[in-house]
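Data first, discussion second: the structure below is written as C-alpha cells.
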Amino acid sequence: MEVRPKMMTVFGFGLVLGFIVLTFVPAGYGQVPIPTRQDGFWYEERVAGVDSVVIEAFFDPVCPDSRDSWPPLKQALSNYGSRVSLVVHPFALPYHDNAFVCSRALHVVNGLNSSATFQLLESFFHHQEGFYGKATFNLSRASVVDKVAKFAAKTVGGSSYTQLKSGFTDTKTDHATRISFKYGCVKGVYGTPFFFVNGFPLPDDGSTLDYKKWKSIIDPLLFA
Ligand SMILES: *[C@@H]1O[C@H](CO)[C@@H](O)[C@H](O)[C@H]1NC(C)=O
Ligand SMILES: *[C@@H]1O[C@H](CO)[C@@H](O)[C@H](O)[C@H]1NC(C)=O
C-alpha cells in the first residue's frame, strides 16, 4: 500500500526531468555546425564546373594505402585535364598517432600558400614512415608538432618555419581539421583512401585503384 505513492513520485519525477531535457536542450544538439565554406583542397586549383566529373578523395597523410592510391589517380587527372576535378579532404584515422597533426599541417600550409598544399601532401606520402606511431613513440606532443612544422617548412620553402609553427597554435586550423574529419563522418567515411565520384561512393573492394580502373570509371562518364 505504501509502495505505490513512492513509485508514482519517482515516475512523476522522471516525467518532469524528461520534459526539462526535451525542452531546454537545443534541437541542434549533436549536429555538426555548418562551416562557412566547403571543405577540401582542389587539385591544381581546378575547381569543378557544372560539366566536370568530380572526384572527392579522403586521404590520411600517414596512411600507406592513401599513399599508394595517389600516383594512379594523379596520372588519371593529368590524362583527363580540366574535365575532371579532384578535391581532397584530409581524414585523420584515430589509429594513426600523428594523423591529426599531419592533416592539420595541410590546413596550415593551405592557409599560407594554397598552391603548396599538394606538395606537402606528396611529401608526407614520400616520407610518411617518419611520422608513423612507432617512429614517434618516445616523442612528446610538442616535439612531434615541431618535427611536422620543420618538415613542412622544408617542403614548401617560401613560408618560414615560424609562420608554420604558429599555424599550429591558431585555433582556426584546429577547427578546419576537425571540419574535414566531421565532413568525412557525415559522408560515411570509415577508412582511407575513400573516394566519391560525382557524389557517389566507390565500392571498396580492398584493392588499390590503379590507372586502368580509374579509366574504366571515368571514361563512361565523359564519353557516354
Ligand atoms: C623508446 O624508449 C625506450 C626506453 O628508453 C627504448 O627502449 C625504445 O627503443 C625507444 N623506442 C623508440 C622507437 O625509439
Ligand atoms: C607557393 O607555393 C608554390 C608551390 O610550392 C611556390 O611555387 C610559390 O613560390 C609559393 N609562393 C610563396 C609566396 O611562397
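Whatever order the structure lists them in is the order used to number ligands and atoms, beginning at 1.
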Among F131, Y132, F118, find the one that has a ring-ring contact (aromatic ring centres under 6.0 Å, His included) with F124. F131
Which pairs of nitrogen or oxygen atoms, taken one from ligand 1 and one from the protein, are under 3.5 angstrom apart?
from	atom 1	to	atom 2	distance (Å)
ligand 1	2 (O)	N138	OD1	3.3
ligand 1	2 (O)	N138	ND2	2.3
ligand 1	11 (N)	N138	ND2	2.9
ligand 1	14 (O)	N138	ND2	3.3

Proximal ligand 2 atoms for Q119, defined as those under 4.0 Å from one of its heavy atoms: 4 (C), 5 (O)
Test your reading of the model: is there a side-chain donor-acceptor pair from D60 to the backbone of A92, 3.5 Å cut-off? no
Is R46 reaching over with its side chain to a backbone N or O of V84, donor-acceptor style, under 3.5 angstrom? yes
Using 30° and 60° as the class limits, which term best fits the ring planes of Y183 and H89: parallel, tilted or perpendicular? tilted
Would you call the rings of F125 and W70 parallel, tilted or perpendicular, taking 30° and 60° as the class edges? tilted
With sequence neighbours left out, the residues meeting salt bridge (Lys or Arg N to Asp or Glu O under 4.0 Å) with E129 are R67
